[in-house]
Each structure stands twice: as structure tokens, then as C-alpha cells.
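Proteins come first, then strands; the chains are lettered A, B, ... in the order of their sequence lines, and each starts at number 1.
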2 protein chains.
Amino acid sequence: MDLFVSKYFYKIDKKGRISLPSSFRNVLPKANRNEIILYKSIKSPSIEGCGVGRLKEIAKRINNLDFFSEDYDDFSTSIFSEIVTTNVDKEGRFLIPEELKSYAGIKTEAAFFGQGHFFQIWEPKQGLKNTEDSRRRLLKEKKSLRMMLTQQK
Amino acid sequence: MDLFVSKYFYKIDKKGRISLPSSFRNVLPKANRNEIILYKSIKSPSIEGCGVGRLKEIAKRINNLDFFSEDYDDFSTSIFSEIVTTNVDKEGRFLIPEELKSYAGIKTEAAFFGQGHFFQIWEPKQGLKNTEDSRRRLLKEKKSLRMMLTQQK
DNA sequence: TGGGATTATATGGGCGTCAATGGGTATATA
DNA sequence: TATATACCCATTGACGCCCATATAATCCCA
């Protein structure tokens, strides 16, 4: 599977390390398995992460915004300048920078949520609440969620 | 046959393994026969499953949404983080994650119901009751059922 | 066509490997 | 030198891989 899926709840040890879920590590290209990028989500108090290869895709998406709009600058600044790269050690662990941890309210444990081509890291309780809220919003439009899941191509 | 059909009642062993019905395994493409995806059904206390190919289609659909919209996050979260992938071993068995088992009320045995392009896993009694209920609902509108079954394309 | 043989399927269990986690020590950086 | 981080080794429990068996289905040949 080459997508980030499912959710995982892991601990941060005394040294500040946390395991990147094994299934997430396998999504990263064998070449760059020891490096990921992290940045603050622009839509929620969470951290988003992905392989370095995805940077190009992010750039493309931002480029598709109207260059002269205020959004362009805002997104561009908020995302690019906030990106940090982190090394994954041989055991599959990495360090979450303090600034990102406090942005997400993370202390001693964190939850990983697969999001397809990237993943999010949340303070566990907030992360769970967020999934519930998302689902509640979508269920109001039952048809669309169902379509998304069952529609045939 | 390339559709999930019929129903099967199997046991979960001490290690938590359960056989994926042989006919279901044959529906999966020979390439990805050893991996399936599972997720909570939206409308019933059951688990739905299918091959990983379907997940890729879903990913494509979500990718087409506006990346910076709130809908994007809602779909992405509700789908990717709720989906789990599971490996099917050489004997055709796999593990149902605890969270999904408890969502469906499954303990030591489970029932598989073919649903065409996907399948459902139920706690046996509830699954049977559900089929009865569905059928009863359909029969109330006998006319439309008869039409459905006899109409030629 | 009948009946024995072969194959497939559902299920059980042993065992090695891997994943998540902890910690000691070396190396680097400020 | 002090603090942080990379590398190495260790532990525990879960999971994958392998082998085994019994029953059911299929095949094959006389």
C-alpha cells in the first residue's frame, strides 16, 4: 500500500523520540526512508507530515492558487516557511520539534492519522474529537460520503 | 466470478485469525491477494471490506476535491484515517482489528456477506437479522422487487 | 457411472522476525 | 563543557511464515 491510512497512538519517550508507524514508513520511497517533512496544518491544530517527495506536489497546489490573491501569499508563507525536515532513525523514530509540538498541544503521546498522500499528528484526545466532528459534518450530507465510498468508476 | 457473493459463517481462532472465504479471495486481483482494506460501515454496525484497488480509486476522488477546502479534510479524515489495511496470510486468514470487532459486536465468530463490489462482516446473529429485515422491507414493495428481478435490459 | 484418489479449504499451533519502546554511549554543536 | 541527537544494543509482545490435520469438494479412471 502506497498511501497513509489508519490511525495509531504512540508514546514520546524521555528523549523526545516517537515511532513513525511502520506502515507509514513503508509508504516512503525506499531511497528516502530516513527523512520526512513536517509543518503546521493550516486548517487545524495538528502537524502534517509526508515524504520529501511530496514537496513538489504541495508547491504545485499552491501554484494553482491565483498568484495575485492574498491567499497565495498566505498559503505560501504559512506552509513553506514552516516546513522542517526531520530524520528517522534506524528504529523508525524521529523528533518532533518543540514549536510543532506546542502548536498541536502534544506532550507525552501523539496520534497519527493517515490522510492518503500525507498524514497528521494530533494530541490524541483532540485528534479523536476531530475525527468525530468531521464524520458528523459529513453524515449530514450522507449521500456524498456514501458516494465517495461506493461509487463505481 | 469477480463479485463478492453469498454468505459464510467462520470462526475466529485464539490468535484472532479468521479465514477470508475462498470465493472472496478469488475476487481479489492475483497481484494484491494478500492485502484487503476494512472500515466501519456508515449505516450499520458492521465492517465493510474490499481489495486495496478500491482504496486507490477513493484516493483519486478525494484528490480531485479542492485541497484547501474544509470538505477535503472531512473526507480525508473520515476515510483514510478510518480505513485499515490487513494482510491475508498464505492460508487465506487475516486479523480484524479490535476497534472494528467491537464496533460490529464480533467476538468468536463472524459472518461474511457478499455485497457485489465489497463485502460486509457481521456478528452472525445480527447479520442474519439484518438480511431478514432488508428482505422484509423489500417485500413490502413487492412490485418494485419483481420488476427489478424480471426486467430485461 | 461409481468409487477411490487427489486437491482445496477451514482451522490449529510452533517459532522466528519485526515493531514499539527503553536506555547507554559516542559524536556533534553551540 | 553542556546540551542535543545519532548510533548501538536490549526487551517484550504481536504478527507472519511454516507445517499439520480433518473435512469437503473435485477429479480421474476403470
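Rounded to whole Å, the distance from OH on A/Tyr8 to P on C/dT21 is 13 Å. When rounded to the nearest whole Å, the span between CZ of A/Phe24 and P of C/dA20 equals 11 Å. Atom CG in A/Asn26 sits roughly 14 Å away from atom C1' in D/dC15 (whole-Å rounding). When the P atom of C/dT11 is taken as reference, atom CD1 of B/Ile12 falls 10 Å away, rounded to whole Å. When rounded to the nearest whole Å, the span between CD1 of B/Ile18 and P of C/dT11 equals 7 Å. Straight-line distance from the CG atom of A/Asp13 to the C1' atom of D/dT5: 12 Å, rounded to whole Å. Atom P of nucleotide C/dA10 and atom CZ of B/Phe94 are separated by 12 Å, given to the nearest angstrom. Atom NZ of A/Lys101 is separated from atom P of D/dA4 by 11 Å (rounded to the nearest Å).
Note on ring orientation: taking the six-membered ring where Trp is involved, the planes of B/Phe119 and B/Phe112 are tilted (angle from 30° to 60°).
One finds no salt bridge joining A/Glu91 and A/Arg17 here, because no Lys/Arg side-chain nitrogen approaches an Asp/Glu carboxylate oxygen to under 4.0 Å. Salt bridge annotation for B/Lys40-B/Glu48: absent, with no cationic side-chain nitrogen under 4.0 angstrom from a carboxylate oxygen.
Dashed line: the shortest gap from a side-chain N or O of B/Ser22 to OP1 or OP2 of C/dT9 is under 4.0 Å. A/Lys14 has a side-chain polar atom (N or O) that falls below the 4.0 Å cut-off from OP1 or OP2 of C/dG23. Taking only side-chain nitrogens and oxygens, A/Arg25 comes nearer than 4.0 Å to OP1 or OP2 of C/dA20.
Nearest to the side chain of A/Lys15, among D/dG16, C/dG23, C/dT21, sits C/dG23. Taking the side chain of B/Asn87 as heavy atoms from C-beta on, and the options D/dG16, C/dT11, C/dG13, the nearest nucleotide is D/dG16. Out of C/dA10, C/dG13, D/dC7, the shortest distance to the side chain of B/Arg17 is found at C/dG13. When distances are taken from the side chain of A/Lys90 to each of D/dC8, D/dC15, C/dT21, the shortest belongs to D/dC8.
A salt bridge (charged side-chain N to carboxylate O under 4.0 Å, His left out) with A/Asp133 holds for exactly one of A/Arg137, A/Lys129, A/Arg135; it is A/Lys129. The one candidate from B/Asn130, B/Thr131, B/Ile47 that meets the side chain to side chain contact (heavy atoms under 4.5 Å, CB included) condition with B/Trp122 is B/Asn130.
Among the atoms of the strands shown, none is found under 4.0 Å from any heavy atom of A/Asp89. Nucleic acid contact for B/Ser19: base, since at least one base atom lies under 4.0 Å from a heavy atom of the residue.
Donor-acceptor pairing under 3.5 Å, judged by distance alone, is absent between the side chain of A/Glu91 and the base of C/dC18.
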